[in-house]
Amino acid sequence: MPLLINGTESVDLWVALDIEAFSNDAQAAINAAHASGQAVIYPIAVYVENRQLLNSNPQQVGLFVTGDDDWSELVDLFDEVSLIAIEFPVLRDGRGFSIARDVSRRGFKGEIRAVGDVAYDRLDSMLRSGFNAFQVSDDRYTDDTHKAFTEMTVNYQPTHLR
Amino acid sequence: MYLYNNDDQQLVDERVEQYRDQTNRFLAGTLPEDEFLALRLMNGLYVQRQAPMLRVAIPYGLMSSVQMRKLADISRKYDRNYGHFTTRTNLQFNWPKLEEVPDILAELASVQMHAIQTSGNCIRNTTTDPYSGVYKGETADPRPYCEIIRQWSTMHPEFAYLPRKFKIAVTAGPEDRAASQVHDIGLHLIKNDAGEIGFQVMVGGGLGRTPMIGKVIKEFLPEVHLLSYLDAVLRVYNLNGRRDNKYKARIKILVKAFGIEKMAALVEDEWLNFTKESDLLLSAADIEKYQGYFSGADYDADAANHVDLSADFANSESFKAWYERNTVEHKVDGYRIAVISLKPHLLPPGDVTDQQMDLIADLADQYSFGEIRSTHDQNLVLADVKISDLYNLWLALNDANLARANIDTLTDMICCPGYEFCALANAETLPIAEQINAKFDDLDYLYDLGDIQVNMSGCINACGHHHVADIGILGVDRKGENYYQFTLGGSSKTDASIGKTIGKALASTEVANTIEKILHVFVQHRVEDESFREVIKRIGLEPFKEYVYATSH
């Protein structure tokens, strides 16, 4: 899936934890992911559960957060990870905007990635809410997708961007 | 009134082009229908039973004569020569073409108007008292604060996909003419003991399936914290409001589930830790700047010397009735507030034709500094009319069927468009309004009854605010037949309360007769000039139930 960072299509260096392997043998899957040397995105609950094992190289640890997760303690994990992926499960669910805002204002300096129902018409709001990376599905991605960020050049909210 | 600067103008212009692109992509098949639905709703476009419906924002109900003429023009060019004013003080066009909506929006933008966030699960048009700035006794003019809220809430990146729609009303006491207590947030401008201006903040009011009166979440919020506190409330709601059931998604359900104490604590935590001292903090200079846009009109000091209408009254009984019912005391001597009734005999409540809009614009220019206001109960207001001009104003309004002297009487109904125009509605409302109008045409009888609010909704979503009327009427569908359920004792005013059902729904042919029975009980029990509401409070609903459902009379 195309990944937009700073308005340009970028190479995605991250892999998600293999959920199928995880459901067969959770510990083996986690161990394998950890040993792979790849940068892996773990569901926040999985990371918290296996924090001692996984907390070694922040460059290779990312978290996957949904609106249903308990992310109130997320700030304590900021130093241990370099990516936080926030899910938009369906179009109607706008919790991700506020989660991103919270993560960014609490000082997380890594990648804040929008995943799930991420398409053209919401990219600019996502950017202004604090996201800095956008995973757009293949069927919704075109060469013009980056234009979403320049449709509106004025806005009223004193967010940290623009 | 507020005038756009270059940034404001650029924003609405860019929004038009953004929406045009969205429409084009939808028509070309590259934008999925469900996604376009959310996007078009956020721009006020519904697809209804017979045609699309476009809802134009009238921020806090204030518009200029230029804007009114543009609305008339749009109704001629793109619609069927009329518009419909809503309880959010907006205007709806019932017959636009989906592919022409971008052009309509461009026309609106040319007069500093838009349709942004008139629908969808976002922050809607902020409403206020239609007499703001011109009546005696208000704490401060609410409109500068409404404009501040309008700007903050317009295309807020974080709050466009809330669990459900979100409505804010601002009033400045002592009376509540904006139904503030049945809003997601009601803001009451007050002064504290030190004489500082601030807001009492209410949260969690609303109508719909689960009507509720809002609860006080903050007794005194200093005015400079208006946005910082709203931002905190909205964030708590966005993160915690239910998303599994749209009928339980409004903030009122969250407030009920948490309890007001926990809700207040969560908001306070967010506010103190993050938003209170953020960029959202207003300065006194910010507020003054916005107040400057709403400073009083250039009143004629000589007007106070020409207030004797006895000759005009002698000339016309009808004018006298109109003066008494449809004009209101103004804070400046020599002036009155004039209410234009959009509740004529046997025509849909809230509707206004292109010719009427043009005329009202002309009259606003001639008599009221070129400004017009729309009200929560679907009428219009010329707020600054010299008393000596009232007779001529009345003559002109009367010629255009806009001077029915029925404000706050039984026929000044709030009424949703009902089955014919709304895809959600289960039952017709407009023919029922007609039935009521036909039965209660005797104005003297209506005046004797005094203030009575009748509200009617064509479905449980309660756009006609039936829960907060003296007499509320809810249309329901039973196997293809329309029936109407009555609630009594509701109010959206300072003593807000939710009306109670008096019994099973009645046949459509019986609505006006039932009102007659209800009025009969009222008149029988009324002591001197007691209002309908006072009688209900005193005797309760039982006498009404008994009489309405008695087997014979």
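Below, read A as the first sequence line, B as the second, and so on, with proteins coming before strands; counting in each chain starts at 1. Since this is a predicted model, take the numbers as computed values, not measurements.
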Should the pair A:Asp121-B:Arg25 be classified as a salt bridge under the 4.0 Å nitrogen-to-oxygen rule?
-> yes

Structural part of B:Asn121 lying under 4.5 Å from a heavy atom of chain A | side chain

Measure from the side-chain N and O atoms of B:Asn240 to the backbone N and O of B:Tyr237, and report whether any donor-acceptor pair falls under 3.5 Å.
-> no

Largest heavy-atom contact set with chain A, pairs under 4.5 Å, which of B:Glu35, B:Glu270, B:Arg15 = B:Glu35

Segment of B:Gln22 engaging chain A (4.5 angstrom heavy-atom cut-off) = side chain

The interface call for B:Ser278 against chain A, heavy-atom contacts under 4.5 Å, is neither

Below 4.5 Å from any heavy atom of chain A, which atoms of B:Asp21 appear? Answer side chain, backbone, both or neither.
-> side chain

To the nearest 0.5 Å, tell me how far A:Asp12 CG sits from A:Ile41 CD1.
-> 6.5 Å

Ring center gap for A:Phe149 and A:Phe134 short of 6.0 angstrom = yes

Part of B:Leu239 lying under 4.5 Å from any heavy atom of chain A = both

Give a yes or no on this: more than 12 heavy atoms of other residues, nucleotides or ligands lie within 6.0 Å of atom CD of B:Glu99.
-> yes

